K.L.:
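Take a look at the following structure, please.
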Amino acid sequence: QLQFVESGGGLVQPGGSLRLSCAASGFTLEHYGVGWFRQLPGKQREGISCISSLDNRPFSTDAVKGRFTISRDDATNTVYLEMNNLNAEDTGVYYCAADPHNRIPCKYYFNYFENWGQGTQVTVSS
């Protein structure tokens with residue numbers, strides 16, 4: 001069974017950093033596109049970063065570009081999201097997911113990701 005487990009969330013002050021991890025099990029990550037999503041309070045879940053194993057070109061939306069960095073370690077079946085310069089508007093639940101068809105460029109295919117993890121809460125507050 002394909003499964004993701006996210007971790008690394010928590011409470012951080014504005015301007016702080018967090019590193020989220022997403023451990024995959026039940027499948028070999030190297031054959032999949034992977035992405036990070038978030039659901040902010042009162043809003044729909046949105047894709048924010050993705051990377052395909054076919055081109056290894058990370059993408060981030062304008063909302064997080066320059067602050068968040070997605071990376072993948074296929075040897076350990078893990079995806080990371082390095083988050084810097086966090087602000088209150090980043091507060092929400094963060095999820096990872098996979099695109100089994102590994103489409104590129106991944107930024108056009110957020111709607112096709114699946115196998116969601118349970119999410120990890122990120123709270124940015126002083």
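All of these numbers come straight from a predicted model, not from anything done at the bench. The chain is numbered in sequence order, starting from 1.
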K.L.:
Cation over ring, R103 on Y108, under 6.0 Å and within 45°?
P.N.:
no

K.L.:
With side chains defined as the heavy atoms from C-beta onward, is the minimum distance between T91 and Q121 less than 4.5 Å?
P.N.:
yes

K.L.:
Answer yes or no: is there a donor N or O on one side and an acceptor on the other, between the side chain of S53 and the main chain of E30, under 3.5 Å?
P.N.:
yes

K.L.:
Using modelled atom types and a 3.5 Å cut-off, is there a donor and acceptor pairing between side-chain atoms of N115 and backbone atoms of A97?
P.N.:
no

K.L.:
Would you check if there is a donor-acceptor pair between the side chains of D99 and S52 at a distance under 3.5 Å?
P.N.:
no

K.L.:
Backbone N or O of T78 within a donor-acceptor pair of the D73 side chain at under 3.5 Å?
P.N.:
no

K.L.:
Evaluate the side-chain contact (heavy atoms from CB on, under 4.5 Å) criterion for residues W36 and C22: first the C-alpha distance (whole Å), next the side-chain angles of each, then the deciding distance (0.1 Å), finally the verdict.
P.N.:
CA-CA 9 Å; W36 283 96; C22 180; 3.6 Å; yes

K.L.:
Would you name the heavy atoms of H31 and N102 that are closest together and state the gap between them?
P.N.:
O-ND2, 3.5 Å

K.L.:
Quick check: does any side chain N or O of R38 sit under 3.5 Å from a backbone N or O of I48, one acting as donor and the other as acceptor?
P.N.:
no

K.L.:
Less than 6.0 angstrom separating the ring centers of Y32 and F113, yes or no?
P.N.:
no

K.L.:
Relative to each other, are the rings of Y94 and F68 parallel, tilted or perpendicular (30° and 60° limits)?
P.N.:
tilted

K.L.:
Measure from the side-chain N and O atoms of E82 to the backbone N and O of R19, and report whether any donor-acceptor pair falls under 3.5 Å.
P.N.:
no

K.L.:
Do P14 and N87 have side-chain heavy atoms sitting under 4.5 Å apart?
P.N.:
no

K.L.:
Identify the two heavy atoms, one from Y95 and one from G117, that lie closest to each other, and give their separation to 0.1 Å.
P.N.:
CD2-O, 3.5 Å

K.L.:
Return yes when atom OH of Y112 has more than 12 non-hydrogen atoms of other residues, nucleotides or ligands closer than 6.0 Å, and no otherwise.
P.N.:
no

K.L.:
Is the side chain of D90 donor-acceptor paired with the backbone N or O of V122 at a distance under 3.5 Å, no angle test?
P.N.:
no

K.L.:
Side chains of E6 and L20: does their closest heavy-atom pair fall under 4.5 Å?
P.N.:
no

K.L.:
Without hydrogens or angle criteria, can the side chains of S60 and S49 be said to hold a donor-acceptor pair below 3.5 Å?
P.N.:
yes

K.L.:
Check for a donor-acceptor pair, side chain of W116 on one end and backbone N or O of F4 on the other, with a separation under 3.5 Å.
P.N.:
no

K.L.:
State, with a plain yes or no, whether a side-chain heavy atom of N77 is found less than 4.5 Å away from one of S25.
P.N.:
no

K.L.:
Would you check if P100 and E114 make a side-chain contact, meaning some heavy-atom pair closer than 4.5 Å?
P.N.:
yes

K.L.:
Under 30°, 30 to 60°, or over 60°: which ring-plane class applies to F37 and F110, parallel, tilted or perpendicular?
P.N.:
perpendicular

